[in-house]
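For reference, the structure is listed below as structure tokens.
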There are 2 protein chains.
Amino acid sequence: MARPRLQDVADQAGVSLATASRVLNGSSRQPGPGLVEKVRAAAADLGYVVNAQAQALARSRTGLLGLVVQDISDPYFSTIAAGAQDAARASGHLVLLASTGRDPVAEREAVAAFAAHRVDAVVVAGTRWAPEDDDALAAELDRFVVAGGRSVVVGQPVGEGYVVRPPNAAGATALAEALLAQGHRRFAVLGGPATVVTSRERAEAFVGAVRAGGGVVTDVLETEFSRDGGYAAGGAVADLVAGASDGTDPLCVFAVTDVMAIGAIARLRELGVEVPRDVSLAGFDDVPTLRDHVPGLTTVRIPLEEMGRLAVRAAVVETVTAPGASPHGGVTEVEFDVVLRASTARS
Amino acid sequence: MARPRLQDVADQAGVSLATASRVLNGSSRQPGPGLVEKVRAAAADLGYVVNAQAQALARSRTGLLGLVVQDISDPYFSTIAAGAQDAARASGHLVLLASTGRDPVAEREAVAAFAAHRVDAVVVAGTRWAPEDDDALAAELDRFVVAGGRSVVVGQPVGEGYVVRPPNAAGATALAEALLAQGHRRFAVLGGPATVVTSRERAEAFVGAVRAGGGVVTDVLETEFSRDGGYAAGGAVADLVAGASDGTDPLCVFAVTDVMAIGAIARLRELGVEVPRDVSLAGFDDVPTLRDHVPGLTTVRIPLEEMGRLAVRAAVVETVTAPGASPHGGVTEVEFDVVLRASTARS
DNA sequence: CTGCGCATGGAATGCGCTTTCCTACCACGG
DNA sequence: CCGTGGTAGGAAAGCGCATTCCATGCGCAG
């Protein structure tokens, strides 16, 4: 019950290996109609399935795409992955997935494994962390690119690759302005560790815009860059609310991601602090899965799925049309929308 | 700038190709320490990266695992995928992901593409649909298995493969009993199309248990098997609530998945119907991303991540220890827990 | 001191397919 | 009637690596 090989098909059809190959894989050179038919019939008869590995070896092109994300169960990444997967299929690629659990070492290993599998391109999604980890990843990516691969990053630049950037600064700025326009004056920021670039970019832009607009930022809280981090920091936020003296403006908290905001709100509710009654809270990303949350979360919508799609397209176009001929650079910053919902409503 | 080949490493180290191969890939036969060192050094020096494709061809084992899910952006599947990915890495496999958008044809094509890439095993996650689609998928999977592959399904049996089953009937039954114990008496079911096996299993078990426990099921609503389906059916649920004559027991709706429940609640809220004040609502799955939803959703917790892990383990163990020697059967039904939250609280 | 067994390194074959070449053949024009 | 350009099919050389099979050299018992 061994798998039939192309040779078997050729034998059965009474043609040469070369002819069978030309028929069965869209070669530019097609044999005469009679032979084509015979080969097709033989292949169907034998239940022939081409061996993509052997094909890849002979063609030195695998049709594989590596996608590394920090946590595939996080809706932020799974949405990007959906877009990436979609674009990959559209271009005839299969995607190899690696979910690294936010471990920089695993991230590097994933890229190395992808390189070993000779993926045509690798897409790395996720914010960058401490510089030394970044450098190591950049080195890994560069080795891959030098060897003829193509790399695209969704988030911040790493190495030489193409970058699909979320509009962190612009989005946070616009959000701050919208909140100021709503009448909010006193703000706090709930962010991840300062080494997390995404968090830093959003927080800094937000703070800058608030101050420029005449508001004040009283506190910048650092916690884990996740739902649980937000939850853990909920207590601190509650303290801020409780500690406000009478007569001060109500507080508005900007959590740098939706999932952190959701975690914070959950904790606040446990502590009897209601959003937006006692404190306003805004997020960032507009993760689709969280859109039914109550209260509706004020946030900055970014086109996550589209970002995945763009990244893959950037990776694939180059691979297919002009391998290695690209400038190895380029940045796309995607659009955004400030979405005002109930979580920052002023009563 | 061509990638160095193993031959290059061997040359630089002054050894034969065979020796280099033995050193660099955990062969059982290791050369003397001196040579090992020389080969290692040469490999590092040249920046050698093994070609997994060539390796796969020579070994006829790819180290790849195919995972097909219906929609990777759905938290149900992304959670399963996280578990699968985790187990795959633990066993030294890379996962090829296909997200089919619930299209049976795409599902089959994905399996075929995986087969072409000679994945060691394929895991298909997701409920089954119309029988004819199932048969086609089963045929595709069987071809793969006959050719030496291994297949595992998460959901309902398809073909001969191993099955990791969610406890649909048992969970729905237990949920019904818990709700009856809470004092609920009048129920409705919000399910997907009858062709969706998961939906049907849950709905039927629920209805049966309710009746056995002395309750009544007044309506069974069919809608799309998704968040949007739940949302769309919200209006019908509202009508049921409004149509109840005075004095009847309050209504409790069982949505067959959490995401449908969330969609329904969103629509109900828009229509001014509050959960659980005006109507109770329960879901199924206990999707992690939705645990912060308000009101907290009464549901049946199933270990999604673990299910992904189990599936991969079943697929891989066989592949590794006894290729083809398995009975090609077997079912694991996972544990569950009924989780009572605010959405079905009786005032 | 000889012979045997075992360990060690290398040559060579094959994994399944793509893609140059090459040859044979056809239809032409000169 | 011969030469030429063009085409269609096949032979064969890889693609990069694993692994079987050999040859060699060593230690040891006899």
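Worth knowing before you read on, the calculation uses all heavy atoms, side chains too, and leaves out hydrogens, waters and symmetry mates. Because the structure is a prediction, the values reported are computed rather than measured. Protein chains get the first letters and strands the later ones, always in sequence-line order, with residue 1 at the start of each.
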Subject >> Start and end of chain A contact along DNA chain C [non-hydrogen atoms, under 4.0 Å] >> reply: dG16(C) to dC21(C)
Subject >> Pairs flagged by salt bridge (Lys or Arg N to Asp or Glu O under 4.0 Å) wherever residues 50-60 of chain B is involved - sequence neighbours left out >> reply: none
**OP:** Determine, for Glu37(A) against Arg40(A), whether the closest basic-nitrogen to carboxylate-oxygen distance falls under 4.0 angstrom.
**Re:** no
Please tabulate, for the side chains in residues 46-56 of chain A, all donor-acceptor contacts under 3.5 angstrom to protein atoms that are two or more places apart in sequence or on a different chain.
| from | atom 1 | to | atom 2 | distance (Å) |
| --- | --- | --- | --- | --- |
| Asn51(A) | OD1 | Gln53(A) | N | 2.8 |
| Asn51(A) | OD1 | Ala54(A) | N | 3.2 |
| Gln53(A) | NE2 | His117(B) | O | 2.9 |

**OP:** Compare every heavy atom of Val334(B) with every heavy atom of Pro303(B), then report the nearest pair and how far apart it is.
**Re:** CD-CG2, 3.7 Å
Residues 9-17 of chain B side chain polar contacts: donor-acceptor under 3.5 Å, at least two apart:
| from | atom 1 | to | atom 2 | distance (Å) |
| --- | --- | --- | --- | --- |
| Asp11(B) | OD1 | Gln7(B) | NE2 | 3.0 |
| Gln12(B) | NE2 | Asp45(B) | OD2 | 2.5 |
| Ser16(B) | OG | Ala18(B) | N | 3.3 |
| Ser16(B) | OG | Thr19(B) | N | 3.2 |
| Ser16(B) | OG | Thr19(B) | OG1 | 3.2 |

Subject >> Atom pair OG1/NE2 of Thr62(B) and His93(B) - distance to nearest 0.5 Å >> reply: 8.0 Å
Polar-atom pairs under 3.5 Å, protein N or O versus N or O of nucleotides 16-19 of chain D: list them with distances, or write none.
| from | atom 1 | to | atom 2 | distance (Å) |
| --- | --- | --- | --- | --- |
| dG16(D) | N2 | Ala54(B) | O | 3.4 |
| dC17(D) | OP1 | Tyr48(B) | OH | 2.2 |
| dC17(D) | OP1 | Asn51(B) | N | 3.3 |
| dC17(D) | OP2 | Leu6(B) | N | 2.4 |
| dA18(D) | OP1 | Asn25(B) | ND2 | 2.8 |
| dA18(D) | OP1 | Gln55(B) | OE1 | 3.3 |
| dA18(D) | OP2 | Ser21(B) | OG | 2.6 |
| dA18(D) | OP2 | Asn25(B) | ND2 | 2.7 |

Subject >> Charged N-O contact under 4.0 Å between Asp74(B) and Arg102(B) >> reply: yes
Subject >> Electrostatic pair Arg309(B):Asp86(B) at N-O distance under 4.0 angstrom >> reply: yes
Original post:
Does Asp120(B) pair with Arg61(B) as a salt bridge, N-O distance under 4.0 Å?
Top reply: yes
Original post:
Using the C1' atoms of the five pairs at each end, what is the angle between the end axes of the helix from dC1(C)-dG30(D) to dG30(C)-dC1(D), to 10°?
Top reply: 60°
Original post:
Stepwise, does the side-chain hydrogen bond (donor to acceptor under 3.5 Å, both in side chains) test hold for Ser21(B) with Asn25(B)?
Top reply: CA-CA 6 Å; Ser21(B) 170; Asn25(B) 55 29; 3.1 Å; yes
